[in-house]
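Below is one structure, written out as structure tokens, with a few remarks after it.
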Amino acid sequence: MEHHRFNLYVHGPEGSGRHSAVLKILNEEAAGRPVPSDWVYVQNFGDPDRPLAIEVPRGMAPKMRAAMISLVEDLAIHIPSLLVSEDYQNRRRALEQEYGARHESAFEILRKAAETRNVAILRTPMGFSLAAMHGDEILKADAMERLSQGERQKVDEDVAATEQELEDFLLALPELEREQRSAIGQLNEEMAKLAVDAALSRAIHDFVGIPALAAYFEALRADLIAHADLFLSLEHGKADDPFPAQLVALRDDPRFHRYSVNVMITHGEDIAGAPVVVETLPTLANLTGEIDYIPLQGALVTDFTQIKPGALHRANGGFLVLDARRVLSEPYAWDALKRCLETRAVHLITAAERSGLIATTKLEPQPIPLRVRVVLVGDRLLHLLLSELDPDFAQYFRVAAEFGEDMARGPESVALFARLAATVVAREGLRPVARDGVAALVDAATRAAEDQEKLSLRMGEIWDILFEADHLAGKDHAASVTADHVARAIAAADRRRGLTRDRLQEAIVRGIIQISTQGSVIGQVNGLTISALGEECFGAPVRITARVRMGTGRVVDIEREVRLGGPIHSKAVLILSSFLATRYVPDTPLSLWASLVFEQSYSGVEGDSASLAELCALLSALAEVPLSQSFAVTGSVNQMGEVQAVGGINEKIEGFFDVCQAVGLTGRQGVIIPHSNQSSLMLRPDVVEAVAAGRFQIHTVTNIDDAIEQLTGLPAGKRMLNGEFQEGSVNANIEVRLLEFADTRSSMLQLRLPEGLGGAEDA
């Protein structure tokens, strides 16, 4: 899609290969696209605070920068040399003589006019002075006194007239000097034009066919000529010095930055296809570029040469891959990205400007047109939040692609997995993986998927196992990675992160945490829980107890009462209450008070996977039938008493197995799990071996009655045509007990009611 709004959001679980898959697809697409043009920033001679962005053909930006450096260096040598040439000096002396002659001619006319009036013009160190003459002699004061009144008056008039003419002459001198300076300036400009035109024609020879540069070169020529005096302040290096110090320093002189070329983006001849840029730290500066500042005389100043490109500049004409969470966590970065996508141009605004910090100088570079496809990689929750809370998100990210957590396991997918493993081996320089090693990795992927018919797509976890297995193979000096190395790598990783699990099992074995693996107890059952502490995920048994008595039909969840139970667990307990109220004595109010608790549980309890165990404990307490402590139970229950699948089934089974093994396997111990979890079993080899040898048991159930029969050894009992449960069954005992509670409570209410008020139902 060429439309600018069709940017992409890729979401899926961590470790599912989102980034690598996206990069593979983008690289393949980018390879068939043209290489973008180069972009440069140059001086805007009309408005220096607004640098110009110019697009030039691929590979021309560095050449243009080098040409401008060469141009300035040439002018730094040739302009001073030209102005000390014999031709220039002769023409300047001619101008100076011309204006000197005009000055002397004007003064001579003034002097002769004064002589006709018998007035002398005298030059003194302090300037000009006037004196009356008589013949060839200056009239002294006493001689003036002897003159008649008329003669003195005429002398005064002649002196005054000459004084006025002298004043006019002196006033005309600055204008004459200005004309002289203008003439010399025109001469300098004429000479500078010769040097600039000669140097510029050589510098831009390779760029005359680029229309976008024509206006810039015209403005550059005019500015070079107008500021030729800048080059007069430099003393060119010796001709035989290949690296004159003055020319080297010239590049760092801020006065000559105006003639530099700031290459923002360039693509060399070795580049093929459109760019694919991955920005791992998408700050505002890294995304849209930044402007550096130079300390100068105690202040911070900048110019267009200090503009630095960002990821959007580098990806222009291609693809930009960003981590969505990181973009959102960086100040101003998300807003800047949306603005650039909206305007289809890269606007360079620094964080200092956005936060209100004002620098001594401020630039507003011309935005560079943007043609890029942005790919955000994140998770599903973040995608939902952006879609819900950011009205701009849906406008510019029209495409969402989701990576699944698993794929079907079959011959084709297993073969693909093996090829992928071979690719990783070749890329990372690992030892080859033997057939049984690949099979072990496939089993690890299946276990991670928690489904015998699936392969997990969290490939990062699988490759971590492969890397460690390769290390173990190296220690064994093995030529390939085998299933034994894979098993040892899994066991080693499990051992490293299993301290909490080991301490918990130790507490159970020592009796600090009370868990029974033998005997039978009324209202008590072993539940199975799972704990996730970072990368550590393990299962462990927990004692669940239930107590009942006559009451108002309430089942108390002690975990919820003390705010240790989460909403899902509380929902599960309410489902148990509904099951009891509808299955037993349906025509009689439930007159029961029951409590459920996870013994020695001091942290939060969440989820419904213990509801089967809780219901078994509750029914045992009602029927007064003991439950076998050799079993641990997991599964959730609905209102019809059907057992539903739960998560973490392998870890839960292995956790109880480890406890039983630590206290001693009797062959009667085992677990009761939902039948729908049977396809999720991918147990450790030692557990599978123990089950095959009859030292440990795994039973699946589909409803609560199956679980009760397994735990009690008694029939659960079905309701017969007469509406009653089979005599001697667990369900019959429960219903009888509940009827007794109801009758007793009804009698007690009748005794308490005043005469004339209805019966128990009214109460």
Side-chain angles (χ1 to χ4, degrees), residues 33-46 48 51-82 191-228 230-231 234 236-237 239 242-244 246-253 255-275 303-309 313-314 316-318 365-366 368-369 371:
R33 294 195 176 191
V35 179
S37 303
D38 291 357
W39 281 91
V40 298
Y41 270 116
V42 296
Q43 175 83 347
N44 183 348
F45 298 107
L52 300 175
I54 300 179
E55 181 181 12
V56 297
R58 169 191 177 185
M60 296 300 290
K63 296 179 181 179
M64 182 178 174
R65 176 175 57 192
M68 292 301 102
I69 293 174
S70 177
L71 171 66
V72 172
E73 291 177 350
D74 285 350
L75 293 177
I77 294 175
H78 294 150
I79 287 181
S81 299
L82 193 64
M191 301 301 289
K193 283 182 180 180
L194 295 175
V196 168
D197 288 343
L200 190 60
S201 63
R202 292 192 299 270
I204 68 173
H205 179 269
D206 295 334
F207 309 99
V208 292
I210 304 175
L213 293 175
Y216 168 69
F217 285 145
E218 193 65 32
L220 173 65
R221 176 182 179 273
D223 193 82
L224 286 170
I225 294 172
H227 294 85
L230 282 176
F231 299 95
L234 300 171
H236 57 80
F243 300 105
Q246 292 82 358
L247 295 185
V248 174
L250 184 67
R251 303 171 188 175
D252 299 326
D253 192 333
R255 294 177 301 171
F256 294 92
H257 285 180
R258 63 195 296 116
Y259 305 123
S260 300
V261 172
N262 186 358
V263 178
M264 293 297 288
I265 297 298
T266 183
H267 304 279
E269 296 297 330
D270 57 333
I271 302 297
D303 55 45
F304 75 94
T305 64
Q306 302 304 310
I307 301 174
K308 301 298 184 293
H313 296 97
R314 298 194 302 273
N316 203 0
Q366 182 181 12
I368 293 179
R371 182 175 175 268

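- Closest of all the heavy-atom pairs between Pro36 and Ala274 is CD-CA, 4.3 Å.
- The backbone N or O of Ala66 sits nowhere less than 3.5 Å from a side-chain atom of Ser70 that would complete a donor-acceptor pair.
- When all heavy atoms of Ala219 and Phe45 are compared, the pair lying nearest together is CB-CD1, 3.7 Å.
- Put simply, OH on Tyr216 and CD1 on Ile210 are 12.5 Å apart, with the number rounded to the nearest 0.5 Å.
- Heavy-atom minimum distance, Asp38 versus Pro62: OD2-CD, 3.9 Å.
- To the nearest 0.5 angstrom, Asn262 atom CG is 10.5 Å from His257 atom NE2.
- To the nearest 0.5 Å, atoms CZ (Arg255) and CG (Asp303) are separated by 14.0 Å.
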When you look at Lys63 and Asp206, which way does the salt bridge (charged side-chain N to carboxylate O under 4.0 Å, His left out) test go after all the steps?
-> CA-CA 9 Å; Lys63 296 179 181 179; Asp206 295 334; over 6 Å; no
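- Within the 4.5 Å cutoff, the side chain of Arg371 has heavy atoms near those of the Asn316 side chain.
- Closest approach of Pro365 and Ile307 over heavy atoms only: CG-CD1, 3.6 Å.
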Step by step, work out the side chain to side chain contact (heavy atoms under 4.5 Å, CB included) result for Arg65 and Val40.
-> CA-CA 9 Å; Arg65 176 175 57 192; Val40 298; over 6 Å; no
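- When all heavy atoms of Leu75 and Ala195 are compared, the pair lying nearest together is CD2-O, 3.7 Å.
- For the pair Gln306/Lys308, a side-chain contact is recorded, criterion being any heavy-atom separation below 4.5 Å from C-beta on.
- The distance from the CG atom of Asn44 to the CZ atom of Arg258 is 10.5 Å, given to the nearest 0.5 Å.
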For side chain to side chain contact (heavy atoms under 4.5 Å, CB included), just list the numbers for Leu224 and Leu71, CA-CA rounded to whole Å, side-chain angles, deciding distance to a tenth of an Å, and then say yes or no.
-> CA-CA 10 Å; Leu224 286 170; Leu71 171 66; 3.9 Å; yes
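- Side chain of Arg58 to main chain of Gly268: a donor-acceptor pair is present (N/O by atom type, distance under 3.5 Å, no hydrogens or angles).
- Nearest approach of Ala203 to Ala67, heavy atoms of both residues: O-CB, 3.5 Å.
- Of the inter-residue distances, the one linking Tyr41 atom OH with His313 atom NE2 reads 5.0 Å to the nearest 0.5 angstrom.
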Determine, stepwise, if the pair Ile368 / Ile265 fulfils side chain to side chain contact (heavy atoms under 4.5 Å, CB included).
-> CA-CA 11 Å; Ile368 293 179; Ile265 297 298; over 6 Å; no
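- For the atom pair Asp223 CG and Tyr259 OH, the distance stands at 4.0 Å (nearest 0.5 Å).
- Taking a 6.0 Å sphere around CZ of Arg33, one finds it holds more than 12 heavy atoms contributed by other residues, nucleotides or ligands.
- Between Leu213 and Val56 the shortest side-chain heavy-atom distance falls below 4.5 Å.
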Leu220 and Met68: CA distance, side-chain angles, deciding distance, side chain to side chain contact (heavy atoms under 4.5 Å, CB included) verdict = CA-CA 10 Å; Leu220 173 65; Met68 292 301 102; 3.7 Å; yes
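- Taking 4.5 Å as the limit, every side-chain heavy atom of Ile77 sits out of range of all side-chain heavy atoms of Glu73.
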